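Comments concern the structure below.
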Amino acid sequence: LPHGYEGQGPEHSSARLERFLQLCADDNMQVVYPTTPAQMFHVLRRQLKRSFRKPLIVMTPKSLLRHPQAVSSVDDFATGQFRRVLDDPEIRHPEKVHRVLLCSGKIYYDLIAHRQNIKRDDVAIIRLEQLYPFPENRLKDALDRYGQIDEVVWVQEEPKNMGAYRHAQAMMKERLDIDISYVGREMKPTPAVGSEKMHKQEQEKIMITALGLPGGEAAPKTRSKNPIKARLKAPRQIAAERHN
């Protein structure tokens with residue numbers, strides 16, 4: 001489904017991600033938001049090769065069709081499989097990371113461009129390529145790579161009452177016992193502001209709030225005495241504790 005929030009009118013999107021996620025239950029469908037050509041190829045291949053049939057909802061923003069960084073090598077197509085979670089390939093010293101940004105879709109490319117401009121290496125950006133069924137085990141593996149994580153933040157360009165935030169917030173708390181923060185647009189009655197200029201201003205505010213300005217911290221917090229990684233539990237452990 002085409003999906004775009006570039007400020008070009010009050011209903012400039014034929015896909016309402018939050019509505020599909022509200023319909024998800026009992027593994028009834030798949031909702032994915034691939035960010036590379038190889039990921040798109042592998043998710044479609046997976047759909048055809050599986051021995052069962054289940055509805056597949058694919059978010060496909062038009063801007064990624066021409067984005068210079070949304071590319072894949074021949075080897076990416078020829079080997080591997082669809083990856084539900086994509087860890088940050090740019091982090092060389094995971095022990096330095098204290099803030100993790102979770103996102104889904106094309107906002108990832110805005111985030112990495114802004115991070116490169118301000119030269120920060122202590123904030124990791126993890127992509128959820130599959131939103132439902134929620135990939136809690138793979139996400140936990142990605143989070144386990146980093147140091148004493150003080151904050152996990154969900155970043156999206158959609159308004160707060162739209163997009164995947166509410167779904168991700170509930171899943172992170174239920175499956176991994178993590179309370180996530182939010183960075184994005186405030187709640188709105190329509191998915192787009194109706195002005196490209198205002199849209200870009202709002203987008204810049206999201207980048208600064210999530211990552212900061214050059215030489216500065218983004219939304220500095222007091223170092224937690226009980227960092228997230230110290231209490232990060234396996235999904236099965238959480239389920240067992242609630243059952244007991």
Side-chain angles (χ1 to χ4, degrees), residues 1-37 39-40 43-44 46-47 53-67 70 82 84-86 101-111 125-136 139 153-175 180-207 209-210:
L1 291 171
H3 176 60
Y5 288 89
E6 287 87 13
Q8 300 177 31
E11 288 292 342
H12 186 67
S13 176
S14 59
R16 297 297 294 270
L17 177 57
E18 67 279 359
R19 296 178 182 174
F20 286 105
L21 292 174
Q22 287 172 348
L23 296 173
C24 293
D26 295 330
D27 290 335
N28 63 327
M29 66 174 75
Q30 308 158 88
V31 180
V32 300
Y33 201 159
T35 54
T36 70
Q39 283 284 91
M40 174 68 81
V43 77
L44 295 178
R46 182 184 74 171
Q47 182 74 357
R53 289 290 175 261
K54 188 173 292 190
L56 173 65
I57 308 301
V58 183
M59 296 292 121
T60 55
K62 296 186 288 293
S63 62
L64 287 191
L65 295 174
R66 57 184 181 275
H67 199 290
F82 177 70
R84 297 170 176 86
V85 174
L86 290 180
L101 305 182
L102 300 180
C103 67
S104 189
K106 65 189 182 70
I107 197 171
Y108 167 75
Y109 293 102
D110 293 336
L111 288 170
I125 305 170
I126 298 177
R127 283 169 281 177
L128 268 67
E129 300 280 288
Q130 178 171 294
L131 292 161
Y132 191 86
F134 193 75
E136 62 265 20
L139 181 54
V153 184
W154 180 264
V155 185
Q156 66 178 33
E157 60 181 329
E158 298 95 335
K160 191 174 184 179
N161 55 321
M162 304 177 196
Y165 168 61
R166 297 298 187 190
H167 172 77
Q169 180 188 40
M171 291 294 100
M172 290 292 289
K173 183 62 177 177
E174 177 184 329
R175 306 292 178 85
I180 60 174
S181 305
Y182 171 78
V183 172
R185 287 171 169 80
E186 297 299 320
M187 292 192 292
K188 302 287 184 181
T190 59
V193 71
S195 165
E196 185 178 5
K197 180 179 179 180
M198 190 174 295
H199 174 83
K200 290 181 178 178
Q201 291 174 344
E202 292 178 343
Q203 200 77 352
E204 182 66 17
K205 181 180 178 181
I206 292 172
M207 298 301 109
T209 305

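Side-chain atoms are counted along with the backbone in the values below, which use heavy atoms only and exclude waters and symmetry mates. Keep in mind the model is a prediction, meaning the values are calculated, not measured.
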* Asked: Do you know which two heavy atoms are closest between P191 and P159, and how far apart they sit?
  -> O-CD, 4.0 Å
* **Side-chain donor/acceptor of Y33 to backbone N/O of Q130, under 3.5 Å** => no
* Asked: Out of curiosity, L21 CG to M29 CE, how far, rounded to the nearest 0.5 Å?
  -> 9.0 Å
* To do: Grab the two heavy atoms, one from A164 and one from Q156, that are nearest each other, plus how far apart they are.
  => N-OE1, 3.3 Å
* Can you name the nearest heavy-atom pair linking P55 to N28, along with the distance? -> CD-O, 3.5 Å
* To do: Kindly determine whether M172 and L102 satisfy side-chain contact (heavy atoms from CB on, under 4.5 Å), including the steps that lead there.
  => CA-CA 11 Å; M172 290 292 289; L102 300 180; 3.8 Å; yes
* Test side-chain contact (heavy atoms from CB on, under 4.5 Å) on E129 and F82 and set out the steps. => CA-CA 9 Å; E129 300 280 288; F82 177 70; 3.9 Å; yes
* To do: Could you check whether the rings of H167 and F134 sit parallel, tilted or perpendicular, using 30° and 60° as the cut-offs?
  => perpendicular
* Kindly give the heavy-atom pair with the smallest separation between C103 and V155, and that separation in Å. => CB-O, 3.5 Å
* Structure fact -> Closest heavy-atom pair, P135 versus R84, reported as atoms and distance to 0.1 Å, is CB-CB, 3.8 Å
* Asked: Checking Y182 side chain against K160 main chain: does a donor-acceptor pair fall under 3.5 Å?
  -> yes
* CD/E18 to CZ/R166 distance, rounded to the nearest 0.5 angstrom? -> 11.5 Å
* Stepwise side-chain contact (heavy atoms from CB on, under 4.5 Å) check, E136 with E174 -> CA-CA 10 Å; E136 62 265 20; E174 177 184 329; over 6 Å; no
* Between atom CG of L86 and atom CZ of R127, what is the distance when rounded to the nearest 0.5 Å? -> 4.5 Å
* Could you tell me which residues satisfy salt bridge (charged side-chain N to carboxylate O under 4.0 Å, His left out) with K200, sequence neighbours excluded, listed by chain and number? => E196
* **Where L64 and A70 come nearest, the two heavy atoms and their spacing** => O-CB, 3.7 Å
* Can you check whether I107 reaches I206 side chain to side chain, under 4.5 Å on heavy atoms? -> yes
* Using side chain to side chain contact (heavy atoms under 4.5 Å, CB included) as the criterion, list what pairs up with L56, not counting sequence neighbours. => Q30, V32, V43, L44, Q47, V58
* Taking the side chain as every heavy atom from C-beta outward, state whether M171 and L128 have any atom pair closer than 4.5 Å. => no
* To do: Would you give the length of the straight line joining atom CD of Q22 to atom CZ of R16, rounded to the nearest 0.5 angstrom?
  => 10.0 Å
* To do: Please lay out, stage by stage, how L17 and L131 fare under the test side-chain contact (heavy atoms from CB on, under 4.5 Å).
  => CA-CA 10 Å; L17 177 57; L131 292 161; 3.9 Å; yes
* Separation of D27 CG from Y132 OH (nearest 0.5 Å) -> 4.5 Å
* To do: Look up atom OG in S181 and atom CD in Q169, then write down how far apart they are to the nearest 0.5 Å.
  => 10.0 Å
* Under 3.5 Å donor-acceptor, K188 side chain and M162 backbone -> no
* When you measure from the side chain of Y109 to the backbone N and O of T35, does any donor-acceptor pair fall under 3.5 Å? -> yes
* **Under 3.5 Å side-chain donor-acceptor pair for Q203 and R185** => yes
